[in-house]
Q: 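One structure coming up, written as structure tokens, with questions to follow.
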Amino acid sequence: MSERLDQPRELTPRLRPYYDPEAFGRLSERIARFLGTARFIVYMSGFVGVWLLWNTFAPQKFDPYPFIFLTLMLSLQASYAAPLILLAQNRQADRDRVQYEQDRVTAERNQAEIEYLTREIAGLRMAVSEVATRDYLRSELQRLQDELAERTT
């Protein structure tokens with residue numbers, strides 16, 4: 001049986017959870033922006049420093065030397081950060097591609113307008129060269145006045 005395009009689909013239960021890819025992409029960009037800041041480096045350094053001090057000098061050590069749990073947590077953080085950064089970079093590349101295409105279309109349109117205006121200016125120059133100028137009219141009127149003056153004398 002084929003689907004009818006003039007009617008909405010019936011809702012069926014989903015086995016996979018639904019997520020909004022756009023919202024997830026925006027969240028990944030925010031996280032990637034935070035991971036690339038000095039604030040994150042300071043926070044992470046402070047966290048690791050407190051962890052090391054606590055597990056070195058505190059009476060109750062929950063992760064003694066060689067700090068295996070800290071290594072596991074940092075690896076887990078890195079394993080999540082890398083794909084989020086890549087996703088943010090891919091989204092930025094898509095935006096750059098769209099912007100490049102819009103810039104290219106705008107540049108083509110501007111080039112066409114410049115060529116049109118250049119042709120119009122050339123046409124106006126040709127037309128102006130055929131139009132009588134004020135000096136030309138004065139000289140012709142002077143010549144006619146001189147001819148009339150010669151005929152009347």
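Computed from a prediction, not measured in an experiment: that's the story for all the values here.
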Q: What are the two closest non-hydrogen atoms of V48 and L70, and how far apart are they?
A: CG1-CD2, 4.2 Å
Q: Can you pull out every ring pair (Phe, Tyr, Trp, His ring centres under 6.0 Å) where at least one residue sits in residues 64-83? Sequence neighbours excluded, please.
A: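 Listed by first then second residue: W51-F69, Y65-F67.
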Q: When you measure from the side chain of D63 to the backbone N and O of I68, does any donor-acceptor pair fall under 3.5 Å?
A: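 Present.
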Q: Take R26 and E22 through the test side chain to side chain contact (heavy atoms under 4.5 Å, CB included) and record every step on the way to the result.
A: CA-CA 6 Å; R26 286 191 303 269; E22 191 64 29; 3.1 Å; yes
Q: Report the C-alpha distance between Q77 and L35 in whole Å, list the side-chain angles of each, state the deciding distance to 0.1 Å, and finish with yes or no for side chain to side chain contact (heavy atoms under 4.5 Å, CB included).
A: CA-CA 11 Å; Q77 184 268 334; L35 290 177; 3.7 Å; yes
Q: Can you check whether F62's main-chain N or O pairs, donor with acceptor, with W54's side chain at less than 3.5 Å?
A: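 Such a contact is absent between W54 side chain and F62 backbone.
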Q: List the atom of K61, the atom of T56, and the distance in Å for their closest heavy-atom pair.
A: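 K61 and T56 have their closest heavy atoms at CE-O, 3.2 Å.
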Q: Please report the closest heavy-atom contact between L87 and G25, naming both atoms and the distance.
A: CD2-CA, 4.3 Å
Q: Can you tell me how far CZ of F47 sits from CE of M73, rounded to the nearest 0.5 angstrom?
A: 3.5 Å
Q: So which atom in T71 and which in P66 form the shortest heavy-atom distance, rounded to 0.1 Å?
A: OG1-O, 4.4 Å
Q: Can you confirm whether more than 12 heavy atoms, excluding those of R95, are under 6.0 Å from its CZ atom?
A: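 Yes, CZ of R95 has more than 12 neighbouring heavy atoms, counting only those of other groups under 6.0 Å.
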Q: Would you mind listing the cluster partners of L15? Hydrophobic ones only (ILVMFWY), side-chain contacts under 4.5 Å, chaining allowed.
A: none
Q: Working to the nearest 0.5 angstrom, can you tell me the gap between T106 OG1 and Q99 CD?
A: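 Going from OG1 on T106 over to CD on Q99, the span is 8.5 Å.
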Q: Is it true that E147 and R143 have a side-chain N and a carboxylate O under 4.0 angstrom from each other?
A: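 Here E147 pairs with R143 in a salt bridge, since their nearest N and O are under 4.0 Å apart.
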Q: Is the F40 ring parallel, tilted or perpendicular to the F34 ring (thresholds 30°, 60°)?
A: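 Ring orientation of F40 relative to F34: perpendicular.
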Q: Working to the nearest 0.5 angstrom, can you tell me the gap between R125 CZ and E120 CD?
A: 13.0 Å
Q: Would a single hydrophobic cluster contain both L84 and L27, if residues Ile, Leu, Val, Met, Phe, Trp and Tyr are joined by side-chain heavy-atom contacts under 4.5 Å?
A: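 Same hydrophobic cluster.
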Q: Please examine the side chains of Q145 and L141, heavy atoms only from C-beta on, and report whether any two atoms are closer than 4.5 Å.
A: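 No. Closest side-chain heavy atoms not under 4.5 Å.
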Q: To the nearest 0.5 Å, tell me how far N110 CG sits from E115 CD.
A: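 Between atom CG of N110 and atom CD of E115 there are 11.5 Å.
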Q: Starting at CZ of R151, measure out to CG of L148 and round the result to the nearest 0.5 Å.
A: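 Nearest 0.5 Å value for the CZ-CG distance: 6.5 Å.
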Q: Step by step, would you call E108 with Q111 a side chain to side chain contact (heavy atoms under 4.5 Å, CB included)?
A: CA-CA 5 Å; E108 285 177 355; Q111 183 65 31; 5.6 Å; no
Q: How many angstroms lie between atom CD1 of I121 and atom CZ of R119, to the nearest 0.5 angstrom?
A: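 Here the rounded value is 11.5 Å.
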Q: Side-chain heavy atoms under 4.5 angstrom apart, residues restricted to Ile, Leu, Val, Met, Phe, Trp, Tyr: same cluster for Y43 and L74?
A: yes
